[in-house]
2 protein chains.
Amino acid sequence: MKPTVHDIAKIAGVSLATVDRVLNGRPGVRSVTRGKVEDAITSLGYVRDLAAANLAKSRTYSFVFILPANDNSFMIGLHEEVRGAVARSSAERTDIRIVDVPPFDPGALVAALEAVLAEKPAGVAFVAIDAPEVRAVARRLTEAGVPMVTLVSDLPDSSRDHYAGIDNIAAGRTAGSLMGRFLSGPLLGERGATVAVLAGSMLVRDHRERLEGFSTVIAHAYPNVHILPVLEGRDDPGLSETMVAEALRRNADIAGIYSLGAGNRGLIRALQKAHGPRRPLVIAHELTASTRAALADGVIDAVLNQDAGHEVRSAIRVLKAKADGLPVLAAQERIRIDIFLKDNLP
Amino acid sequence: MKPTVHDIAKIAGVSLATVDRVLNGRPGVRSVTRGKVEDAITSLGYVRDLAAANLAKSRTYSFVFILPANDNSFMIGLHEEVRGAVARSSAERTDIRIVDVPPFDPGALVAALEAVLAEKPAGVAFVAIDAPEVRAVARRLTEAGVPMVTLVSDLPDSSRDHYAGIDNIAAGRTAGSLMGRFLSGPLLGERGATVAVLAGSMLVRDHRERLEGFSTVIAHAYPNVHILPVLEGRDDPGLSETMVAEALRRNADIAGIYSLGAGNRGLIRALQKAHGPRRPLVIAHELTASTRAALADGVIDAVLNQDAGHEVRSAIRVLKAKADGLPVLAAQERIRIDIFLKDNLP
DNA sequence: CAAATTCTGATTTACGTACCTCAGAATTTC
DNA sequence: GAAATTCTGAGGTACGTAAATCAGAATTTG
């Protein structure tokens, strides 16, 4: 039978209240008594029953999710997943509030985080923007004892407790490796091949990191692949379409395109309208309705994906654990980079 | 505030006991009274607090995991993960017992399942062997009301409640697609290329399915790739090594190898000892210490993986949900096919 | 019709922990 | 030395649900 506080009290020869004070670090216990209780705890191998504790505390974890009000499919899906978590909140003893902020706007994010700081919830999750002022608020949140996880986009070298997202450098490297291998052969002649890169903005850390990983692998392993200057489409369908169409017109020999941001709707439209001698090899990020269809149709060759549902659930699990001062199962919380070809679409 | 049984009792004008009888389907309530209680439940939107219910029942979920006593790295890892779950069992209110059975032995599996049937646990998970007698015991378990999930290898068209494992046909297709694309070009000349397939046993369903997916994609999308007769290495390092070495000696022009079973240690040794004009392209299953090293060294080009930890945790979550008659979050429980290149090794 | 038997509903206790209130002892203050 | 103030410990109640026990009414049986 699992030992309980009653067993501890009996063994240590004290009352329940004393055991409780020791367990919860409350004052009012002589050090000798404390010692006896601690001995009993270790000798019995007592572990607190979290379910019972939470019931007694009638605890609900109040979490705040700060999400950019982007209208691309990925962010919409992320919103959807958080709303799903809100729907499950009564069963999971959580009380999740969603705060929308304008995208790519450090000031707005800082303001939102400051509002959070004022209400002191049990935890915050947010899509980070890599800026010093954001790091500064993060530090104040940590000082205030508010657990904090970054979602999708990280804030390295900050005081965040956890990052629920993929390793974007590894993602870029994977894309580069796939691009190089897929190009090797028919498209990669003696004189090399040209690839274009479509990003949202180089101001966003995840996009920068993906490009970094991609470029590194191409430079080292596929030196005869030439990368054109990055197209920054601001994750906007229209702008992305124009930029890609323009690039395809100007460089008839583009053999591959790596879309590392969320401008895939525009990219796909541009590709469908194009009529070059042969279709370029396309690797994109995020499996959405449009990239899925494009993958099935052969317009896109591979999609690297991060599962927003897993990210949200992981963030919640980690916030709960941090709020309770519990360790996290690192293996369970690592967000993986999914690679989808048209053959393993779920 | 979340409604409780007390609120229901108050609204319906009855006692707690009556509410409890209605909620738990116990007899002794007149249908008019039952109706009043049910109305109150729906109007309040009551949902049972599982934590409190489990506490009151002082419930522990007793699960049995039946695992083949294979000595390949994947199965060892699977064992490890189940033992991890056993270690966490007190915190998770589970009581998990591991039963080892000899591998590839339907009779032993049936015997183990029958033993399980006798003790009626709250759920069973097992690595299925696709045989009629196994299906028959599965049916009896279902009739006895024991929730049942298959792990790693499925038992389709049976009464199992859930399958915690990957879609092996999709995995085979993915391998075929990667093989075809990676080969296209330097290795795939005018007259085509030859690939070898190393399996454990064609008697095991997951191996059959992987081969099926692989062959289908190759036949349709890469008609000039020729697949040699399957090598059945029984997942044995020594036998696998001899068979691969033999095949490489006999067919100097092998351009690719697909290892769809667990005989990777032998395969890797054979590859390291081989000294052909050029290294074949190798795609294998399951990320273990040896395949990871081979991937990093460039001996293997891609590894398809199923995360044993996720499978075990998913199986437990599903068994719990089934034991409580709760729905499962399908999106969360889908086990994904990880594709690892040397660039995205975790 | 009294006694036995079912129905139906109410009360009460338990699960393991948190936390509030209270009592007695030890210590300090005037 | 009496009163006030800490310490230290005990007891009890609450969280939301399950389930055992109890009590009264309705029904059946001889």
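Naming: A, B, ... by sequence-line order, numbering from 1 per chain. Just so it is clear, the structure is predicted and the values come from calculations on it, not from any experiment.
- Interface residues of residues 10-27 of chain A facing DNA chain D, ordered by number: A/Val14, A/Ser15, A/Ala17, A/Thr18, A/Arg21; criterion, heavy-atom separation under 4.0 Å.
- Rounded to an integer number of Å, the gap from NE2 of A/His6 to P of D/dA10 is 13 Å.
- In terms of heavy atoms, A/Leu319 sits closest to A/Met148 at CD2-N, 4.0 Å.
- Closest heavy-atom contact between B/Arg34 and B/Val29: N-CG1, 3.7 Å.
- Summary of the strand contacts: A/Thr4 and B/Val32 both lie near DNA chain C, and taking for each the nucleotide with the nearest heavy atom, the more 5' one is attributed to B/Val32.
- Rounded to an integer number of Å, the gap from B/Arg30 CZ to D/dG24 C1' is 13 Å.
- Note on A/Thr33: every side-chain N or O is 4.0 Å or more away from OP1 and OP2 of D/dT8.
- Side chains of A/Ser43 and A/Asp39: a donor-acceptor N/O pair is absent below 3.5 angstrom, by distance only.
- We find that B/Arg59 and B/Asp324 are joined by a salt bridge, their nearest charged nitrogen and carboxylate oxygen being less than 4.0 Å apart.
- For A/Arg93 and D/dT17, the CZ to C1' distance is 11 Å, given to the nearest whole Å.
- Of the residues in residues 37-59 of chain A, those lying under 4.0 Å from DNA chain D by heavy-atom distance are A/Leu55, A/Ala56.
- Side chains of B/Arg336 and B/Asn305: a donor-acceptor N/O pair is absent below 3.5 angstrom, by distance only.
- Checking side-chain atoms of A/Asp20 against main-chain N and O of A/Leu16 turns up no donor-acceptor pair under 3.5 Å.
- Residue B/Val29 is classed as a sugar-phosphate contact, given heavy-atom separations below 4.0 Å to backbone atoms only.
- Between the side chain of B/Asn54 and the main chain of B/Ala51, no donor-acceptor pair closer than 3.5 Å is present.
- Taking atom CG of residue B/Asp7 and atom P of nucleotide D/dG16, one finds them 9 Å apart after rounding to whole Å.
- Without hydrogens or angle criteria, A/Ser159 side chain to A/Ala138 main chain gives a donor-acceptor distance under 3.5 Å.
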